[in-house]
Amino acid sequence: MELTQVLRREHEIICDALRLLDTAATRLQQGTPGAAEASRRLLEFFRSFADENHHGKEEGILFPALATVGLGPDGGPVAMMLSEHDEGRQLLRSCGEALASLDDRTTRQRFGEAARRYISLLSQHIDKENEILFRMADQLLGPEQCRAVDEACAAHQLAKPGETERWERLLGEMAALTSIKQGATVEG
Ligand SMILES: [Fe+2]
Ligand SMILES: [Fe+2]
């Protein structure tokens, strides 16, 4: 069994949301109605699901387990992942600042640039974890530690009842918001 199966499933959800963010950013730059609201919700999704929940599990459960088998946080792949989590947080802040004052074309442009940097960073980050770090983790941690990590990830999820349903509902709403006014071109 892969110890990283909960985390891998979350990567798939995050990648779906990254595609929605790309659409929302394009529509926002085009001035499409509804795009600002969709972008706000997506930002909230990335702050809570991708960062607080998912990166929280990696930093609080997986990385400490990896430190016990020689992959510490001060160098190598774990240090790189930690620094990318930080970079992602900074880009989310930049997106939030641009969204807070969406009054002209320049701010919409600024949001689009920050959002695209975030999309690129997180897509590559997820590829690296899936293809390199998680594979190393699956090999380096013994079966008992694997089970402990996976159980801790599942328990982390259960600590907040109804959370998964909330994410799924939010993603559905965002998918609707990013497509509902596809034909419109100018935001009032
Ligand atoms: Fe990560
Ligand atoms: Fe991850």
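Whatever order the structure lists ligands and atoms in, that order sets their numbers, starting from 1. Note that this is a predicted model, so its numbers are computed, not measured.
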Apex the Fe ion (ligand 2); atoms Glu58 OE2 and His11 NE2; angle rounded to 10 degrees: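 Reported to 10°, the angle equals 120°.
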Degrees at the Fe ion (ligand 2) between the NE2 atom of His54 and the OE1 atom of Glu129, nearest 10°: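 Approximately 170° at the metal, rounded to tens of degrees.
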Under 2.8 Å: N/O/S of His55 next to the Fe ion (ligand 2):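 Of the N, O and S atoms in His55, none lies under 2.8 Å from the Fe ion (ligand 2), which means no.
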The Fe ion (ligand 2) reached by Glu10 (N, O or S, under 2.8 Å):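 False for Glu10.
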Do [X] and [Y] have a side chain donor and acceptor closer than 3.5 Å?
{"X": "Gln124", "Y": "Ser120", "answer": "yes"}
{"X": "Ser94", "Y": "Glu113", "answer": "no"}
{"X": "Asn130", "Y": "His11", "answer": "yes"}
{"X": "Glu87", "Y": "His125", "answer": "no"}

Distance (rounded to the nearest 0.5 Å) between Phe49 CZ and Leu42 CG: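 Rounded to the nearest 0.5 Å, the CZ-CG separation comes out at 13.0 Å.
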Heteroatom N/O/S of His125 within less than 2.8 Å of the Fe ion (ligand 1):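 Within the cut-off used here (under 2.8 Å), His125 does place an N, O or S atom near the Fe ion (ligand 1).
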